[in-house]
Amino acid sequence: SDFSDEIWTLQFLGSDNTPVFALTAQGPAYTYDLVTSSQKLNLGTWYYLVATWDRAANRMKIYVNGVEKGSKGFNNIKATSTFASGSPVVIGSQFYDGTKTLSGYYGFNGKINGVIIDHRVWSADEISIFYENNKAKTSTW
């Protein structure tokens, strides 16, 4: 319930359809840094969301449809921070247990047509080009 099993998360915060990206450390104490998109999302619309983090540049960013919509430096995550190992990748929603959703956390009711997790930071140009090359794939949804 405190997200201590996560390393990173890309999800909605609250009920206003605002995407956020957070990086979470477990040691020496549980802490996180969070960047919020300046763009709220509309229901019934397809979006391309990207989150990046670069410890060397001390930045985390969030993109919507190939355009940067939020950027923030790390304040709580340090070079000495430790992270959960063996954390699962959960796509769609987060549940406290198998029977209920935590109050204030919202499930996912939509379609996900792809997930990419990479070992390097994509540049803004790469993110924009990938969006432009793939946005037509959802035209029949």
Side-chain angles (χ1 to χ4, degrees), residues 1-139 141:
S1 61
D2 65 1
F3 306 107
S4 62
D5 62 335
E6 297 181 31
I7 297 173
W8 54 265
T9 185
L10 178 61
Q11 63 184 7
F12 295 113
L13 186 64
S15 60
D16 65 355
N17 298 329
T18 301
V20 298
F21 171 67
L23 192 62
T24 307
Q26 277 68 48
Y30 168 71
T31 188
Y32 65 92
D33 280 303
L34 176 89
V35 61
T36 303
S37 171
S38 62
Q39 180 176 345
K40 294 178 179 169
L41 307 185
N42 296 315
L43 296 176
T45 303
W46 180 88
Y47 293 93
Y48 169 61
L49 299 177
V50 175
T52 66
W53 71 94
D54 185 344
R55 288 293 303 132
N58 196 41
R59 297 303 303 163
M60 54 194 318
K61 298 178 181 181
I62 190 165
Y63 296 79
V64 178
N65 293 345
V67 178
E68 184 181 312
K69 295 295 182 175
S71 178
K72 186 176 179 194
F74 289 99
N75 295 317
N76 300 311
I77 303 293
K78 308 294 181 199
T80 57
S81 295
T82 59
F83 299 91
S85 61
S87 296
V89 174
V90 179
I91 298 171
S93 63
Q94 180 171 0
F95 293 96
Y96 180 70
D97 62 30
T99 62
K100 67 179 181 178
T101 302
L102 282 173
S103 176
Y105 295 87
Y106 301 91
F108 180 78
N109 182 9
K111 296 178 182 180
I112 297 173
N113 72 332
V115 175
I116 298 173
I117 301 171
D118 209 338
H119 68 286
R120 66 176 183 84
V121 180
W122 284 28
S123 70
D125 285 343
E126 288 175 307
I127 292 167
S128 177
I129 289 167
F130 188 90
Y131 168 69
E132 290 299 326
N133 289 341
N134 291 283
K135 66 182 180 181
K137 293 178 180 175
T138 61
S139 63
W141 282 27

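Because only heavy atoms are used, hydrogens play no part in the values below, and waters and symmetry mates are left out as well, while side chains stay in.
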Quiz item: Does some side-chain heavy atom of Trp53 sit less than 4.5 Å from a side-chain heavy atom of Ile77?
Solution: no
Applying side-chain hydrogen bond (donor to acceptor under 3.5 Å, both in side chains) to Glu68 and not counting sequence neighbours gives none
The reported gap from CD1 in Ile7 to OG1 in Thr9 (rounded to nearest 0.5 angstrom) is 11.5 Å
Here the salt bridge (charged side-chain N to carboxylate O under 4.0 Å, His left out) pairs for residues 33-57, sequence neighbours left out, are Asp16-Lys40
Residue set satisfying side-chain contact (heavy atoms from CB on, under 4.5 Å) with Val67, at least two apart, ordered chain then number -> Lys69
Rounded to the nearest 0.5 Å, the CD atom of Gln11 sits from the CG atom of Leu49 at a distance of 12.0 Å
Rounding to 0.5 Å, atoms CD (Glu132) and CD1 (Ile127) come to a distance of 13.0 Å
Across all chains, not counting sequence neighbours, the side-chain hydrogen bond (donor to acceptor under 3.5 Å, both in side chains) partners of Thr31 are none
Note: Lys61 and Ser71 closest approach over all heavy atoms is CG-OG, 3.8 Å
Nearest heavy-atom contact between Met60 and Phe74 is SD-CE2, 4.0 Å
Here the salt bridge (charged side-chain N to carboxylate O under 4.0 Å, His left out) pairs for residues 70-86, sequence neighbours left out, are none
Taken in chain and number order and not counting sequence neighbours, the residues that satisfy side-chain contact (heavy atoms from CB on, under 4.5 Å) with Asn42 are Thr45, Tyr47
Those residues at least two apart in sequence (or on a different chain) that pass side-chain contact (heavy atoms from CB on, under 4.5 Å) with Ile116 are Trp122, Phe130
Rounded to the nearest 0.5 angstrom, the CG-OG1 distance for Leu34 and Thr24 is 9.0 Å
Exercise for the section: Over 60° means perpendicular and under 30° means parallel, so classify the ring planes of Tyr30 and Tyr32, tilted if in between. Expected result: tilted
Taken in chain and number order and not counting sequence neighbours, the residues that satisfy side-chain contact (heavy atoms from CB on, under 4.5 Å) with Ala51 are Leu10, Phe21
One should read off an interatomic distance between Ser128 OG and Asn65 CG, to the nearest 0.5 angstrom, of 10.0 Å
What one should report as the nearest heavy-atom pair of Ser37 and Val64 is OG-CG2, 3.7 Å
**Message:** Under the criterion side chain to side chain contact (heavy atoms under 4.5 Å, CB included), I'd like the reasoning laid out for Thr138 against Tyr48: C-alpha separation, chi angles, the key distance, then a yes or no.
**Reply:** CA-CA 10 Å; Thr138 61; Tyr48 169 61; over 6 Å; no
